[in-house]
Amino acid sequence: MDPLQYHEMLDEEVAPAVSLLVSMRNSENTIVQRISCLLDIQYARYEVIIINDESEDGTMSRLHHRLIVIDKEYGGRMDSLNAGLNISQYPYIASVGPWTVLERDALVKIMKPVMDALPGEEVVACSGRVDLIPPRNTDHTDLTDNSTRLMGSTLYVMQTIEYVRAFLIGGVGLVRYNINVLLFTAQVFGVFKKNRVMEVGGYKRNDQVAHMELVMRLQKHMKRTRERGRIIYIPDPICRVEVPGTWRQLRTQRTRWYMQLASSLWAQRSMIFNPAYGWMGMVSIPYFILIELLGPVMELGAILLFISGIGLQLVDINLCIILALLLTLYGSMLSAGMVMFEVWCSRKAYTSTEVTRLLLYACSETFWFRPLNNIFRMFGILQAVGLRKEKEKEIRNGLG
């Protein structure tokens with residue numbers, strides 16, 4: 001049977017219905033734009049459920065018709081998503097992050113694998129690639145404006161390079177080639193089968209990497225029940241998200257990410273190198289432990305060991321310098337290669353100025369941005385083991 005075409009997804013009798021869950025708190029300046037974008041999505045059947053998490057501004061007064069609204073006491077984003085999950089009426093639910101702008105065809109793209117599933121197959125989760133929005137200088141900036149892509153700050157360009165590499169390696173490498181995990185699912189947007197989410201207990205209240213943790217629980221549940229559940233990654237962009245605009249915001253975001261990553265992996269430690277959980281236990285979780293979690297520790301440790309060895313005259317300085325330069329060159333070439341692959345494969349029209357800037361910044365990443373980012377990650381790991389206290393503070397920008 002030929003794969004379904006996108007236009008068939010607009011047929012109300014064919015397309016699976018979706019409930020969009022949107023948690024909001026103190027969002028009066030952007031809520032109208034966000035809701036307008038959601039109501040303008042190109043799809044046959046979907047509902048928009050707004051969960052007002054005890055806003056202290058005029059958020060509630062700016063809501064309008066065609067919405068299902070929950071006004072609740074403050075409980076955090078995960079508590080809000082669970083409230084929306086409980087009243088949603090459709091078989092698939094999709095949580096939309098606080099700084100996420102969905103493309104008009106996002107649901108068409110993300111639900112197509114559900115329609116393409118073979119008899120006996122079940123798609124339990126699906127997500128796709130995320131594009132970035134430069135940080136806004138004001139709450140009144142047009143969220144739908146995508147005209148300025150790479151003319152922003154150095155921090156924005158570096159994050160663009162970082163996300164390109166992450167989605168190419170993680171998205172294509174870990175999922176597209178039959179390693180069925182989707183551990184990297186972006187917090188900003190993801191679709192899940194409602195009944196499966198309910199079976200594993202919904203969202204965990206204090207989790208900031210909810211999709212990652214939820215996917216691990218779903219995989220664990222499907223293996224235990226011996227049911228055929230697939231998790232799909234779509235390489236096409238399905239949404240855009242605003243990224244941190246200051247180094248302080250980036251530090252807070254990455255620290256929290258890695259604290260929650262470490263906590264989630266520890267909670268699912270019984271799956272590590274456990275063949276009973278297939279690719280998830282044997283490849284995906286070990287990959288995230290060795291590369292994502294312990295990678296910063298090993299990189300920073302190697303730098304400290306190198307400096308100590310030179311100071312104590314225990315190593316051959318010339319040999320160490322050559323090795324350090326080779327590793328740095330390898331990292332720079334890897335980033336530059338990923339950028340060129342993105343430019344070549346992307347449907348966007350990059351200008352020569354943008355390509356040049358991306359390549360120059362990619363080549364410099366290993367020298368300064370990556371070590372600094374590793375320090376932020378270390379703060380998160382220290383928080384996870386209780387050696388550093390986390391400050392309770394909402395993040396204005398970015399994926400956190």
Side-chain angles (χ1 to χ4, degrees), residues 16-25 47 49-54 68 70 72-98 110 114 122-127 180-233 256-272 274 276-281 284-285 288-289 384 390 399-400:
V18 182
S19 298
L20 296 180
L21 311 182
V22 187
S23 173
M24 291 189 174
R25 177 174 168 81
E47 63 180 355
I49 302 175
I50 303 295
I51 307 101
N52 179 45
D53 200 19
E54 198 177 15
I68 299 172
I70 303 174
K72 58 181 286 294
E73 294 182 355
Y74 178 74
R77 184 163 182 262
M78 299 304 105
D79 184 65
S80 297
L81 292 179
N82 281 328
L85 175 66
N86 288 329
I87 73 161
S88 61
Q89 61 174 323
Y90 291 147
Y92 282 87
I93 57 103
S95 61
V96 184
I110 206 169
V114 177
E122 179 185 17
V123 176
V124 298
C126 193
S127 187
N180 190 17
V181 290
L182 200 65
L183 275 175
F184 58 89
T185 310
Q187 180 74 9
V188 293
F189 182 57
V191 168
F192 296 87
K193 189 77 175 288
K194 177 183 174 179
N195 67 323
R196 296 301 185 185
V197 176
M198 299 289 282
E199 287 173 4
V200 298
Y203 293 92
K204 282 195 173 181
R205 176 162 181 159
N206 296 320
D207 205 340
Q208 296 296 326
V209 286
H211 288 181
M212 174 183 289
E213 196 278 334
L214 179 57
V215 165
M216 285 193 285
R217 283 190 286 133
L218 283 170
Q219 286 280 11
K220 198 171 186 178
H221 175 71
M222 301 302 287
K223 290 294 183 180
R224 285 178 171 176
T225 57
R226 297 185 178 181
E227 298 184 59
R228 294 182 63 189
R230 296 184 61 204
I231 295 176
I232 305 295
Y233 171 77
R256 184 165 297 184
W257 274 5
Y258 277 80
M259 186 268 291
Q260 294 292 343
L261 172 63
S263 300
S264 296
L265 291 173
W266 176 254
Q268 304 299 334
R269 59 189 180 279
S270 63
M271 301 174 66
I272 301 173
N274 189 337
Y277 297 106
W279 286 109
M280 172 70 82
S284 303
I285 293 182
F288 271 83
I289 291 175
E390 178 187 18
L399 303 178

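- A search for side-chain hydrogen bond (donor to acceptor under 3.5 Å, both in side chains) contacts involving Gln89 returns Glu47, not counting sequence neighbours.
- Residues Leu81 and Ser95 approach most closely at CD2-CB, 3.8 Å, considering heavy atoms.
- For Ser270, the side-chain contact (heavy atoms from CB on, under 4.5 Å) partners are Lys220, not counting sequence neighbours.
- With contacts defined as side-chain heavy-atom distances shorter than 4.5 Å, the pair Tyr92/Cys126 does not qualify.
- Atom CD1 of residue Ile49 and atom CD1 of residue Ile87 lie 4.5 Å apart, to the nearest 0.5 angstrom.
- Taking OH of Tyr203 as the start and OG of Ser23 as the end, the distance is 11.0 Å to the nearest 0.5 Å.
- The shortest distance between side-chain heavy atoms of Arg196 and Glu227 falls below 4.5 Å.
- The shortest distance between side-chain heavy atoms of Asp79 and Lys72 falls below 4.5 Å.
- For the residue pair Ser88 and Ile93, the shortest heavy atom distance occurs at OG-CG2, 3.6 Å.
- Between Asp53 and Glu73, the shortest heavy-atom contact is OD1-O, 3.3 Å.
- The closest side-chain heavy-atom distance from Lys194 to Leu85 is below 4.5 Å.
- Residues Leu265 and Met216 are in side-chain contact: their nearest non-hydrogen atoms beyond the backbone lie under 4.5 Å apart.
- Counting heavy atoms from C-beta outward, Val18 and Tyr90 have side chains that stay 4.5 Å or more apart.
- A side-chain donor-acceptor contact under 3.5 Å links Arg217 to the backbone of Val200.
- Here the shortest heavy-atom pairing between Ile110 and Ser127 reads CD1-CA, 3.8 Å.
- In this structure, Ser80 contributes its side chain and Asn52 its backbone to no donor-acceptor pair below 3.5 Å.
- Atom CH2 in Trp266 sits 10.0 Å away from atom CD1 in Ile289 (nearest 0.5 Å).
- Taken to the nearest 0.5 Å, the CD atom of Gln219 stands 11.0 Å off from the CG atom of Leu214.
- Between Asn86 and Met198 the shortest side-chain heavy-atom distance falls below 4.5 Å.
- Annotation: side chain of Tyr277 is not in contact with side chain of Ile285 (no heavy-atom distance under 4.5 Å).
- Rounded to the nearest 0.5 Å, atoms CG (Asn195) and CD (Glu122) are 6.0 Å apart.
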